[in-house]
Every structure is written in C-alpha cells, then in structure tokens.
Amino acid sequence: MEAVFYISGAIAVLSTIGVITRLNAVHALLYLVVSLIAVALVFYSLGAPFVAALEVIIYAGAIIVLFVFVIMLLNLGPQGSREERQWLSLKTWVGPAVLGVILIAELVYTFGLQPSHPAGVSVVEPQQVSIALFGPYVLGVEMASLLLLAGLVGAYHLGQRDDFRRPAQPEAEESKTGTRSDYLAHEGRALSSSTEKGAGSEIGPARLKGDEQ
Amino acid sequence: MIAAVPMAHGLILAGCLFAIGLIGVLVRRDIIFVLASIEIMLNASGLAFVVAGSRWGQPDGQIMFIFILTMAATEVSVGLALALQLHGRLRTLDIDAASKMRG
C-alpha cells in the first residue's frame with residue numbers, strides 16, 4: 001500500500017503538470033482526469049475509501065463532464081490552440097514558474113522537518129463519516145445545501161443568453177429596432193392576409209383589423 | 001492491512017499539487033485552464049485535509065473534503081457559466097479581454 005501511495009502520487013504530480021502545460025483544452029482535461037483518479041488512489045491508500053469514491057464520482061465524473069460540455073458548446077477547434085501558443089510566451093511562463101518552484105521547495109523543506117507521524121494506519125469507514133456528517137456537522141450540511149442553491153441560481157442567471165444584454169448598449173438598440181421592424185413587417189403581412197381573407201376568419205387578424213379602425 | 005505512510009509525505013504531495021495549480025492560475029490566460037487550475041488547488045487542499053484526518057484516524061478530514069467538493073462543484077458551475085458569457089459577448093476566452101467593468 002505504501003507503493004500505491006508513492007506511485008499514484010507521482011502520477012498525480014506529473015499529470016497535473018500536464019494539465020497546465022497543454023495547449024489543447026481537451027488534452028488538458030484528459031490529464032486532469034488522470035490526476036484526479038490518481039488522487040483518488042492516494043485517498044484509498046490512506047484509508048479513506050468513501051472519499052476516494054466521491055473523488056471519482058463527483059470530480060472525475062460530474063465536474064469533468066461540465067468542462068467537456070462547455071468545451072463542446074464553445075466549439076473551439078484548432079484556432080484555440082493557436083491562440084494559446086501565442087499567449088504562452090516564455091516571458092509569461094518564467095516568473096510564475098520560478099516562484100512556484102521556490103514555493104514547492106519551501107513546502108518540501110518545511111514538511112521534511114516534521115517528525116514522521118504515520119498516516120493511514122486505520123481505515124475510516126463510510127459509516128463513521130456519515131455518522132459524523134449528520135451528527136456534529138449537520139449545520140455544515142445545511143450550509144452546503146444553501147451554497148448549492150446559490151450556485152444553481154447563479155449559474156441559471158449567468159447562463160441566460162441575451163436577456164440582460166438589452167438595456168443601454170448600442171448594438172442592443174439595433175437589435176431592438178430590428179425586432180421592431182420585423183414585428184411591423186409581420187403585422188403588415190397579417191393585415192394584408194386579413195384583407196385577403198376577410199374579417200373574422202382568425203382571431204389575430206380580426207384583432208389587428210380592429211386596431212386599424 | 002494498510003501500511004503507514006509518513007504524514008509529511010502526504011502533505012508534500014498536497015503542497016506540490018497546490019503549487020502546480022497556482023502556477024497554472026498565474027500563467028494561463030484561457031479561462032477554461034484557469035478554472036481547471038482552481039479545481040486542482042481545491043483538490044490539493046482537500047487532500048491535505050484527508051491526510052490530516054487519516055493521521056488521527058478521525059472522519060473529520062473526510063467531512064471537510066466533502067464540503068470542499070461541494071464548493072468546487074458550485075464554483076465550477078458558476079465559472080463555466082461565466083466562461084460561456086465571456087465567449088458569447090467578447091468572442092474570446094482570454095481573461096484579459098474582460099478587464100473592464102462597465103455599468
């Protein structure tokens with residue numbers, strides 16, 4: 001089990017480096033799936049099987065599917081990775097990478113100074129987790145439900161296409177006059193059809209004719 | 001059954017993943033990659049909680065991971081809705097294009 005921890009930890013680090021260096025978003029997501037599954041194996045080797053299952057189901061399942069849906073909706077194609085290559089010059093890479101490597105070195109040094117406590121000696125069963133979740137942490141569960149509700153409302157509001165685009169924008173004015181003229185043309189067509197067919201044949205033309213009089 | 005791994009090694013792994021995610025947030029300009037890097041960072045902090053919980057043999061670390069998971073799911077749904085809005089309005093995924101607030 002120690003070997004499982006170290007091998008899957010190395011796979012997690014390597015595939016996470018792959019996530020942030022890919023140019024194509026779909027390739028990066030595949031690396032992200034590998035990284036999340038490796039972290040799930042780390043959880044399992046540390047004696048946390050419930051969380052390992054949740055990691056696979058929610059992270060590698062639901063969240064990655066959301067990413068894939070959005071990439072499919074955006075329909076980027078090859079020009080996306082060309083833009084990425086333009087954006088990723090060496091100048092943008094060097095500073096954050098050096099700072100991050102210094103941060104990693106500091107973390108390794110700091111944690112290396114700790115006396116070695118063994119972790120994962122005993123398995124924490126899902127039963128214990130659920131008892132604690134709905135016992136002392138039940139307030140946190142309620143707050144998580146509120147957070148999910150807020151996220152649902154926020155994503156629904158932000159996902160609307162051009163609803164709140166109309167006020168105070170020039171192109172919105174254009175589109176509004178466009179729809180107005182469309183409506184007028186439609187009305188004119190309806191009027192002409194009503195004069196052709198005669199009054200009272202349909203409800204809509206009859207109403208329009210009444211408005212005209 | 002389960003052999004003991006030093007707790008420091010688990011925390012080093014979490015710190016490495018967090019720092020790589022941080023580099024990703026700083027370097028990338030595509031909003032999809034920025035969101036994926038934020039996911040990596042949240043996952044790494046959850047890993048630190050689980051390592052600490054398993055060192056004491058208590059379920060509290062796993063419960064914190066469940067809360068982090070909830071927050072990550074909410075954050076990514078709102079963030080991807082923002083990515084769709086950004087692409088719909090500005091025809092790009094560059095986060096620097098959305099540097100001006102209007103109204």
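The sequence lines fix the lettering, A, B, ..., with proteins before strands; numbering per chain opens at 1.
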Under 4.5 Å from any heavy atom of chain B - which part of [X]:
X	result
A/Leu103	side chain
A/Ile17	both
A/Tyr156	neither
A/Leu32	side chain
A/Thr21	backbone
A/Val13	both
A/Val4	neither
A/Ala25	both

Residue part contacting chain A, namely of [X], when any heavy atom lies under 4.5 Å:
X	value
B/Leu47	both
B/Asp94	both
B/Gln58	backbone
B/Ser37	side chain

Under 4.5 Å, counting heavy-atom pairs only, tell me which of [options] racks up the most with chain B.
options	answer
A/Ala144, A/Gly100, A/Pro96	A/Pro96
A/Val42, A/Leu66, A/Leu29, A/Ile131	A/Leu66
A/Gly140, A/Pro136, A/Ala28, A/Ser35	A/Gly140
A/Met143, A/Glu125, A/Glu106, A/Glu55	A/Glu55
A/Leu54, A/Val129, A/Leu107	A/Val129
A/Leu99, A/Ile64, A/Val108	A/Val108

- Message: Before we go on, tell me: are the rings of B/His9 and A/Phe111 under 6.0 Å apart, centre to centre?
- Response: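 Not under 6.0 Å, so no.
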
Would you name the heavy atoms of [X] and [Y] that are closest together and state the gap between them?
X	Y	value
B/Ala36	A/Phe67	N-CZ, 3.8 Å
B/Ile63	A/Ala132	CD1-CB, 3.3 Å
A/Pro118	B/Arg55	O-CG, 3.7 Å
A/Ala155	B/Ser77	CB-O, 4.1 Å
B/Gln62	A/Ala48	NE2-CB, 3.3 Å

Hey, what do you get for [atom1] ([X]) to [atom2] ([Y]), rounding to the nearest 0.5 Å?
X	Y	atom1	atom2	result
A/Leu158	B/Leu82	CG	CG	5.0 Å
A/Ser8	B/Leu13	OG	CG	8.0 Å
B/Ile23	A/Thr16	CD1	OG1	11.0 Å
B/Thr74	A/Leu149	OG1	CG	10.0 Å
B/Leu11	A/His117	CG	NE2	10.5 Å

Among the listed options [options], the residue most often paired with chain A at heavy-atom distances under 4.5 Å:
options	answer
B/Thr92, B/Val25, B/Asp60	B/Asp60
B/Asp96, B/Leu69, B/Leu22	B/Leu69
B/Val78, B/Asp30, B/Leu93	B/Asp30
B/Leu26, B/Thr70, B/Leu80	B/Leu80

- Step-by-step side-chain contact (heavy atoms from CB on, under 4.5 Å) determination, B/Phe33 to A/Ile20: CA-CA 7 Å; B/Phe33 283 91; A/Ile20 65 166; over 6 Å; no

Heavy-atom distance under 4.5 Å between the side chains of [X] and [Y], does that happen here?
X	Y	result
A/Leu133	B/Phe67	yes
A/Leu74	B/Ile32	yes
A/Ile104	B/Phe18	no
B/Leu42	A/Tyr59	yes

- Do the side chain of B/Glu75 and the main chain of A/Gly151 share a donor and acceptor less than 3.5 angstrom apart?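 No, because the side chain of B/Glu75 does not come within donor-acceptor range (under 3.5 Å) of the backbone of A/Gly151.
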
- Message: Surrounding CZ of A/Phe69 (heavy atoms of other residues, nucleotides or ligands, distance under 6.0 Å), is the total greater than 12?
- Response: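 Check fails, neighbour count at 12 or below.
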
- For the pair A/Val141 and B/Ile66, evaluate side-chain contact (heavy atoms from CB on, under 4.5 Å) and give the outcome as yes or no after the intermediate values. CA-CA 10 Å; A/Val141 175; B/Ile66 293 171; over 6 Å; no

- Task: Show your working on side-chain contact (heavy atoms from CB on, under 4.5 Å) between B/Met64 and A/Tyr137 and close with a plain yes or no.
- Result: CA-CA 10 Å; B/Met64 285 301 152; A/Tyr137 285 100; 3.8 Å; yes

- Message: Run the side-chain contact (heavy atoms from CB on, under 4.5 Å) test on A/Ser45 and B/Val5 for me, step by step, so that the C-alpha distance in whole Å, both residues' side-chain angles and the decisive distance to 0.1 Å come before the verdict.
- Response: CA-CA 9 Å; A/Ser45 72; B/Val5 175; 5.6 Å; no

